[in-house]
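Input: a single structure, listed below in structure tokens.
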Amino acid sequence: MKIGYPCINRSIGCSGNKTFQLKSFTKERLLETVQSNLDCLEKILIFNVINHLLFFRISSDLVPFASHPIMSINWQEEFKNRFKSIGEYIKEKNIRISMHPGQYTVLNSPSSDVVQRSAAELDYHAQILELMDLTSEAKIQLHVGGVYGNKLESLQRFIRNYRQLNSRIKRYLVVENDERSYCLVDCLNISAETGAPVLFDVFHESIFTKNFMLNTALELQKETWSDSDGIPMLDYSSQKADGKMGAHSDDLVSLDFLDFINESQPYEFDLMLEIKNKEKAALEALELVKADSRFRG
DNA sequence: TCACGTCAAGCAGAT
DNA sequence: ATCTGCTTGACGTGA
């Protein structure tokens, strides 16, 4: 099991998701921002390797406005050597990579404009992975989208629109359950129709379905990942103690986490910790898992 | 230097 | 109707 955290590292003093406002878009501004984001991504990956955190989610802000109509710059060409060398590092160190487009990427929207922009945004993510020459073990995780008052139709629209995507996107795309509209079973149904693996978010499912069976979930999820997809990815979060149901806590809740690790035996997966304290929480988790396996022998 | 209004984009649920 | 949260706050103007 590899343990990772998303997008941001708070220890090393750089930001890999710098952006700027659309109205200040210039070629210079874009190039300098992407350069700086790539510099920081490299530093984060080196930090992660030193600290044995071999799973990382790359920020969608790596190339600001990449899929926006304003983008007239061939950033792929400008930075292809940079992407290639970062990709070589990732492969050399055996780092698992994921990406997660934002809330505006909605593949099942009734608006064809939204669907087209979403496909463009997905293609941008896929291009990053492709420029790094990563295999289909790297993944782009996407929620199903909206319900629009008719869940069955909306599920079918997702499947239809998925089938229209280009092969570069399909190679990397996985479907993730959310906490209010589409649960694990919905994603499994989509997977059966599309072949897309399911990324299981444990926290989302625990909000959606009280007392779900973790082992059953992991068994069903596992079947959607083929050899070329690698072992399944999971998202894990801790509930904020005094926060609303569904609020992410700042820190890893150790006892809950150890329960989860024990209950998830014997399934294999890579674990993304969606916890505000990022690499700090991931490092704690790593220590807990190490100590726990020593304890169990 | 700092405060704070705003930022490309969608949707659902709470207030 | 308006606000909030979402994988993640950061940008940028004005004081």
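Throughout, a chain's letter reflects where its sequence line sits, starting with A, and its residues are numbered from 1. Computation of the quantities below employed the complete heavy-atom set of this structure, encompassing side-chain atoms and omitting hydrogens, waters and symmetry-equivalent molecules.
Between A:Y148 and B:dC11, a side-chain N or O to OP1/OP2 separation shorter than 4.0 Å is present. Between C:dC6 and A:H204, no contact under 4.0 Å exists linking OP1 or OP2 to a side-chain N or O. OP1 or OP2 of B:dG10 has not a single side-chain nitrogen or oxygen of A:S111 nearer than 4.0 Å. Contact check, A:H143 against C:dT7: a side-chain N or O comes under 4.0 Å of OP1 or OP2.
Taking atom CZ of residue A:F65 and atom P of nucleotide B:dC7, one finds them 11 Å apart after rounding to whole Å. To the nearest angstrom, C1' of C:dT7 lies 11 Å from CZ of A:F56. Between A:E274 atom CD and C:dC6 atom P there is a gap of 10 Å when expressed in whole angstrom units. For the pair A:K151 NZ and B:dC11 P, the computed distance is 17 Å after rounding to whole Å. Between the P atom of C:dT7 and the CD1 atom of A:I128 lies a distance of 20 Å, rounded to the nearest Å. One atom, CE of A:M233, and another, P of C:dT7, lie 16 Å apart when rounded to the nearest Å. Computed from coordinates, the A:F208 CZ to B:dG13 P distance equals 10 Å when rounded to whole Å. Summarising the geometry, the separation between CD on A:E121 and C1' on B:dC11 is reported as 16 Å, rounded to the nearest angstrom.
For the C1' atoms, the distance linking C:dC6 with B:dA3 amounts to 26 Å, nearest Å. Separation of the P atoms belonging to C:dC3 and B:dG5 is 13 Å when rounded to the nearest angstrom. Taking atom P on both C:dA10 and B:dC11, the two are 26 Å apart, rounded to the nearest angstrom. Comparing the P positions of C:dT8 and B:dT6 gives an interatomic distance of 24 Å, to the nearest angstrom. C:dG9 and B:dG10 have their P atoms separated by 22 Å, with the value rounded to a whole Å.
Considering only the side chain of A:R10, C:dG9 comes nearest among C:dG9, C:dT8, B:dG10. Comparing B:dG13, B:dA8, C:dT7 by their closest approach to the side chain of A:R180 singles out B:dG13. Here C:dT7 is the nucleotide among C:dT7, C:dG9, B:dA9 with the atom lying nearest to any side-chain atom of A:Q103. In this structure, of C:dG9, C:dT7, B:dA9, it is C:dT7 that holds the atom nearest to the side chain of A:C7.
Ion pairing between a basic and an acidic side chain is recognised when a charged N comes within 4.0 Å of a carboxylate O; A:E77 and A:K80 show such pairing. With respect to the salt-bridge test (charged N to carboxylate O, under 4.0 angstrom), the residues A:D61 and A:K18 do not qualify. Ion pairing of A:K2 with A:E268 is absent here, as no side-chain N (NZ or NE/NH1/NH2) approaches a carboxylate O to less than 4.0 Å. Residues A:D235 and A:R57 are paired through a salt bridge, judged by an N-O separation under 4.0 Å between the basic side chain and the carboxylate. The existence of a salt bridge linking A:K280 and A:E284 is confirmed by a sub-4.0 Å separation between a basic side-chain nitrogen and an acidic carboxylate oxygen.
Near-neighbour residues of DNA chain C inside residues 16-33 of chain A, defined by a heavy atom below 4.0 Å, number-ordered: A:N17, A:K18, A:T19, A:F20, A:Q21, A:S24, A:R29.
Residues A:T105 and A:E121 have side chains that never bring a donor and an acceptor to within less than 3.5 angstrom of each other. Looking only at atom types and distance, the side chain of A:N166 has a donor-acceptor partner in the side chain of A:D123 under 3.5 Å away. Checking A:S111 against A:D113 by side-chain atom types alone, no donor-acceptor pair falls below 3.5 Å.
Residue A:G102 is in base contact, counting any heavy-atom pair closer than 4.0 Å across all strands shown. As judged by a 4.0 angstrom heavy-atom cut-off over every strand, A:S109 is placed among residues touching the sugar-phosphate backbone only.
You'll find the ring centres of A:F208 and A:Y182 outside the 6.0 Å limit.
Ring-to-base geometry places A:Y104 in a stacked arrangement with B:dA9 (centre distance under 5.5 Å, plane angle under 30°).
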Annotated structure of DNA chain C as dot-bracket, pair cut-off 3.5 Å, Watson-Crick or G-U only, | for inter-strand, is ||||||..|||||||
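At least one cation-pi condition fails for A:R157 and A:Y162: the charged atom is not both under 6.0 angstrom from the six-membered ring centre and inside a 45 degree cone around its axis.
Across A:H125, A:E130, A:E137, a single residue satisfies side-chain contact (heavy atoms from CB on, under 4.5 Å) together with A:Y172, and that is A:E130.
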